[in-house]
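All values reported here derive from a predicted model rather than from experimental measurement. Atom set for the values below is all heavy atoms of this structure, side chains included, hydrogens, waters and symmetry mates excluded. Note that ligands are numbered from 1 as they come in the structure, with each ligand's atoms numbered from 1 the same way.
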Amino acid sequence: AKAAGKDRAELFDPRLRQEQIDRVRMVEHLRAGLEHDEFTVHYQPIVALCSGLIVAVEALVRWTPPGRPPIGPDRFIPAAEDSGLIIDLGERVLRRACADAAVWHGRYGIAVTVNVSPRQLADPAFTAKANRAIADSGLHPSALTLEITEGVLIGSGAQALAHLHALRAEGVRVAIDDFGTGYSSLAYLRDLPIDTLKIDKSFMPADPTDRRQTALVRAVVDLARSLNLTTVAEGVETAHHADLLRELGCDRGQGYLFARPTPSDQVTALLTTAWNA
Ligand code: C2E
Ligand code: CA
Ligand code: CA
Ligand code: CA
């Protein structure tokens, strides 16, 4: 009786009803967008802080419906995840990124990182799909890093781990994304098959002279280094950030200081540029 009452309340709550309609509509639009191939991939440089050279690019999906402004992933990834459409979308991004990166890796030695959602890692076919993307593109497996969030291993544990182990055995690398924002557990970090730790942008100090703020970044960089993980700082927006990270021994930086996410046809111009360390 209580459950029925709750259902009825939801049905007649105009705000909840609108949210449901919006969600259903978003999923319909997403499905049409996939059908019409309206998704593109932008790339943001990841820079070696000591040399100032671009060593990799992160693939970031964009939705560009014709005649309408591009839509950022924060607005559609959640609906794509809920509906399962992320499995199709994620595979397309992975295939596109491998194909683009095969060219850049051949010419400039650049690696690529691709975001992989928990739903993709719960799919038993993920390893096979990733292997096909790698083989079809000709990209060297070690030039591909999969970015996963800590939550992945909590939700779909065994299946996700099996994929990561299988792909890593072939040379693919694994990074923990947004480190410090999720279910961070030191035991997890020690036991997971990972190579890289991406420090979430919320750790970048607003005031680089504030010892309390910088203490946090320092602690995370030290932790990652002691576990032999490559460290990448996200959200590097100022020269102060870059200086601080270099001083702390962080390996790589990514952020607006270096470049914004960039359409693929403009990436070559970026790759021939270096920042002075
Ligand atoms: P993320 O993986 O943490 O990606 C980094 C986000 O930070 C990107 O937002 C990027 O544009 C933004 N960013 C880069 N430099 C700076 C900076 O200096 N300052 C600030 N404030 N932000 C910076 P974007 O492209 O809007 O992507 C948002 C999120 O959407 C990503 O966060 C990722 O979680 C998700 N996403 C993007 N592409 C994909 C994809 O192909 N598959 C999946 N599953 N998720 C994706
Ligand atoms: Ca990422
Ligand atoms: Ca991130
Ligand atoms: Ca993020």
Side-chain angles (χ1 to χ4, degrees), residues 30 33-34 38-47 49 54 56-64 69-98 100-101 111-123 126 129-130 133 144-152 155-156 160 173-182 184 194 196-206 208 220 230-242 244-245 252-264 270 275:
L30 269 174
L34 280 165
E38 293 173 352
F39 294 86
T40 58
V41 181
H42 285 200
Y43 297 92
Q44 186 177 35
I46 296 171
V47 172
L49 288 165
I54 296 174
V57 290
E58 176 174 7
L60 294 159
V61 69
R62 296 290 180 267
W63 186 3
T64 44
I71 305 167
D74 286 336
R75 287 198 35 217
F76 62 83
I77 292 284
E81 276 178 346
D82 285 350
S83 61
L85 290 173
I86 192 72
I87 292 181
D88 184 8
L89 177 59
E91 186 183 2
R92 292 195 205 192
V93 171
L94 181 61
R95 293 188 63 82
R96 182 77 259 147
C98 287
D100 286 338
V112 70
T113 76
V114 179
N115 294 285
V116 178
S117 97
R119 283 295 284 263
Q120 289 176 272
L121 285 169
D123 172 9
F126 180 73
K129 289 173 179 173
L144 173 65
T145 295
L146 304 177
E147 296 197 2
I148 61 166
T149 49
E150 297 153 272
V152 157
S156 42
R173 312 268 162 92
V174 178
I176 293 281
D177 203 356
D178 301 339
F179 179 74
T181 60
S184 321
I194 56 174
T196 300
L197 202 149
K198 293 192 82 173
I199 304 165
D200 191 70
K201 49 181 172 269
S202 59
F203 285 93
M204 280 307 102
V220 177
T230 300
T231 46
V232 183
E234 306 183 320
V236 182
E237 294 184 348
T238 65
H240 286 298
H241 287 159
L244 170 70
L245 290 163
R252 299 171 178 185
Q254 177 180 357
Y256 299 157
L257 172 67
F258 304 114
R260 300 227 162 211
T262 305
S264 57
L270 279 178
W275 286 268

Polar contact flag for Val61 and ligand 1 (N/O pairs, less than 3.5 Å): yes
For the 3.5 Å polar cut-off, considering only N or O atoms, please tell me whether Asp178 and ligand 1 meet it. yes
3.0 Å cut-off met by an N, O or S atom of Asp200 to the Ca ion (ligand 3): no
Using a 4.0 Å cut-off to any heavy atom of Ile77, which atoms of ligand 1 qualify? 43 (C), 45 (N), 46 (C)
Here the N/O/S atom of Glu234 closest to the Ca ion (ligand 3) would be OE2
For ligand 1, which part of Glu81 has a heavy atom less than 4.0 Å away: the side chain, the backbone, both, or neither? neither
Carboxylate-amine/guanidinium contact Lys198 Glu58, below 4.0 Å: yes
Heavy-atom contact under 4.0 Å between Gly235 and ligand 1? yes
Pairwise side-chain contact, Leu144 with Cys98, heavy-atom cut-off 4.5 Å (strictly under): yes
Please confirm whether Pro261 approaches ligand 1 to less than 4.0 Å, judged on its heavy atoms. yes
Residues Glu147 and Thr113: side-chain donor-acceptor under 3.5 angstrom: yes
Backbone or side chain, does any N or O of Glu147 fall under 3.5 Å from an N or O of ligand 1? no
Indicate whether the side chain of Gln120 and that of Lys129 have a donor and an acceptor atom separated by less than 3.5 Å. no
Could you tell me which N, O or S atom of Asp177 is nearest to the Ca ion (ligand 3)? OD1
In Asp178, the N/O/S atom nearest the Ca ion (ligand 3) carries the name OD1
In a check of side-chain hydrogen bond (donor to acceptor under 3.5 Å, both in side chains) between Gln254 and each of Gln44, Lys201, Glu234, which one passes? Gln44
For Glu58, the atoms of ligand 1 under 4.0 Å from one of its heavy atoms are 2 (O), 4 (O)
Would you please test Asp123 and Arg119 for salt bridge (Lys or Arg N to Asp or Glu O under 4.0 Å) and show each step? CA-CA 7 Å; Asp123 172 9; Arg119 283 295 284 263; over 6 Å; no
Are Asn115 and Leu60 packed together at the side-chain level, in the sense that at least one heavy-atom pair is separated by less than 4.5 angstrom? yes
Is the contact between Lys198 and ligand 1 made by the side chain, the backbone, both, or neither, using heavy atoms and a 4.0 Å cut-off? neither
Report the C-alpha separation of Val112 and Asp100 in whole Å, then their side-chain angles, then the decisive distance to 0.1 Å, and conclude whether the side-chain contact (heavy atoms from CB on, under 4.5 Å) test is met. CA-CA 9 Å; Val112 70; Asp100 286 338; over 6 Å; no
Close-contact set for ligand 1 against Glu237 heavy atoms, below 4.0 Å: 17 (C), 18 (O), 19 (N), 20 (C), 21 (N)
Among Lys201, His241, Glu234, Arg260, which residue places a heavy atom closest to atom 7 (O) of ligand 1? Lys201
What about Gln44: any of its N or O atoms under 3.5 Å from an N or O on ligand 1? yes
Is there a nitrogen or oxygen of Asp177 sitting under 3.5 Å from a nitrogen or oxygen of ligand 1? yes
Would you please determine whether Arg62 falls within less than 4.0 Å of ligand 1 on a heavy-atom basis? yes
I need the atoms of ligand 1 closer than 4.0 Å to a non-hydrogen atom of Ser117, numbered in the order shown. 44 (N)
Heavy atoms only: which of Asn115, Val236, Leu60, Val41 is nearest to atom 8 (C) of ligand 1? Leu60
N/O/S atom of Asn115 inside 3.0 Å of the Ca ion (ligand 2), strictly under: yes
Rounded to 10 degrees, what angle sits at the Ca ion (ligand 2) between Glu58 OE2 and Glu147 OE1? 90°
Counting only N and O atoms by type, is there a donor-acceptor contact under 3.5 Å from the side chain of Thr231 to the main-chain atoms of Leu197? no
Ring geometry between Trp63 and Phe76 (parallel below 30°, tilted from 30 to 60°, perpendicular above 60°): perpendicular
Donor-acceptor pair, distance only, cut-off 3.5 Å: does the side chain of His42 make one with the backbone of Val61? no
At their closest point, which heavy atom of Thr262 faces which heavy atom of Arg260, and how far apart are they? OG1-O, 2.7 Å
From the options Leu30, Ile86, Leu85, select the one residue that forms a side chain to side chain contact (heavy atoms under 4.5 Å, CB included) with Ile77. Ile86
